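Remember, it's 1-based here, ligands and their atoms both numbered in the order they're listed. Quick caveat: nothing in here was measured; it's all calculated off a predicted structure. Values below: every heavy atom of this structure, side chains too, minus hydrogens, waters and symmetry copies.
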Amino acid sequence: MRSPRDLPSVDRLLADERLAGEPHELSVAAARDVLARARDELRSGGEPGPLVDAVLEELGRVRRPSLRRVLNATGVLVHTNLGRAPLATSALERVVEVGTGYSNLEYDLEAGARGSRQDHLASLLCRLTGAQAALVVNNNAAAVLLALAALAEGREVVVSRGELIEIGDGFRIPDVLARSGARLVEVGTTNRTRTSDYARAIGPDTALLLRVHQSNFRVVGFTELPTLPELAELARRHEVPLVDDLGSGALTTLGDEPTPAESLRGGADLVTFSGDKLLGGPQAGVAVGRIDLVERLRRHPLQRALRADKLTLAALEGTLTLALDPARASAEVPVLRMFHEPFASVHARAERLAVLVRGEVEETVARVGGGALPLAELQSAACAVEESLAESLRLGEPPVVAVVRDGRTLLDCRTLTDVEVEEVAAAVVAARARADDGK
Ligand SMILES: *Cc1c(COP(=O)(O)O)cnc(C)c1O
């Protein structure tokens, strides 16, 4: 039995040739940690293992990325906890291309002078939505905040009580409104708001009418909300803008999700939406609409703080370019591909997985998630395996996140690709082997 005094010094430990190529400060810190743990072990009567191996392991742990790829076997397409929308290959290629070297991010190549990062995507967004102008920021929460700050600071914003919603992770419309410096004027009730409610609330201090899409819930039964054209007509009569926060930003019709183009055609003056919900691109927020309003957003000081970076712009441009060709977008934008994939082909994937891991195919219901189409049920299929594997699958490499239900782990195949199914099969085999080792 050794005592703590027998442990080598940091320098002697680091003299081992296996640690020769490691950066000095990092290995000193790792060696100190390993020696401290070894001292504790010896004091409590244990026997520390080989110290150099422990240092190498510690160095590996420090270098292992925390943000990692995971396999989504939950059947939730836009999974808020799992990074929302996976990117299309061609969008990722744009990120690599633009990020690898320099770019014309804020350089006008024709004029040979300073340009604006907001100019690159504007014409694509206008073409796709029919808007006069467009602006991109970091996420849709930022787009809403910027719109309210630029158009309504110190003034009143009229919102239906049925639309004072929470999106998730504490993003609440009344709070964002307060932060923007605007004053909230609530009208109507939770289930019923009429055009006349809005009309009564409009006064000299009214800056705009705000409509918020009920993204992640629906009110059913005795309900009433004015149509967009009705609200637009009211807004026009009182010469105040109508701002429509859509949330998900589907560019083509998906279920009953409104598109930005429909919203603008219906009379909204400014429309905001996310880049990474049903648009299927990177995290981003887009505001499209009347040129004078978008210009006020662009000139507001917060725009500088909320603007998107070049990698986001590159990924969004790549995604929007695909959206110009809806058939191609449905095949290549992952969120859209998963949404449209026929049940039979999802089922075939589940059968293949079941054969590979000796599981059972079970019919499931996949969901859009991410606060979009909350009632949409996508017929799906999963491979069911032992419940006890769920944790081990999560802790494996790559991690697999699945759903535990009725005593089984369900691996939903709507959110897995054909290639990923092979990886999930290998992960199940590895998890079972680990379980056997542990016995
Ligand atoms: C999701 C959502 C937001 C927030 O968008 P992020 O891109 O998550 O910032 C705002 N408004 C509505 C209606 C939404 O659905």
(message) I'd like to know if Glu224 pairs up with Arg194 as an ion pair, taking the criterion as any Lys NZ or Arg NE/NH1/NH2 lying under 4.0 Å from an Asp or Glu carboxylate oxygen.
(response) yes
(request) Run the salt-bridge test on Arg349 and Glu341 with the 4.0 Å N-O cut-off and return the result as yes or no. (result) yes
(request) Just grab all the salt bridge (Lys or Arg N to Asp or Glu O under 4.0 Å) pairs involving residues 282-294, residues at least two apart or on different chains. (result) Asp269-Arg290, Arg290-Asp292
(request) Return the protein residues near ligand 1 (heavy atom under 4.0 Å from any of its atoms), ordered by chain and residue number. (result) Arg84, Asn139, Asn140, Ala141, Ile167, Phe171, Val212, His213, Ser215, Asp245, Gly247, Ser274, Lys277
(message) Looking only at side-chain N and O atoms, does Ser160 offer a donor or acceptor that is under 3.5 Å from a partner on Arg211?
(response) no
(request) Check whether the side chains of Thr223 and Asn191 place a donor and an acceptor atom closer than 3.5 Å, and report yes or no. (result) no
(request) Apply side-chain contact (heavy atoms from CB on, under 4.5 Å) to the pair Leu210 and Leu177, showing each step before the final yes or no. (result) CA-CA 10 Å; Leu210 175 65; Leu177 230 146; 4.3 Å; yes
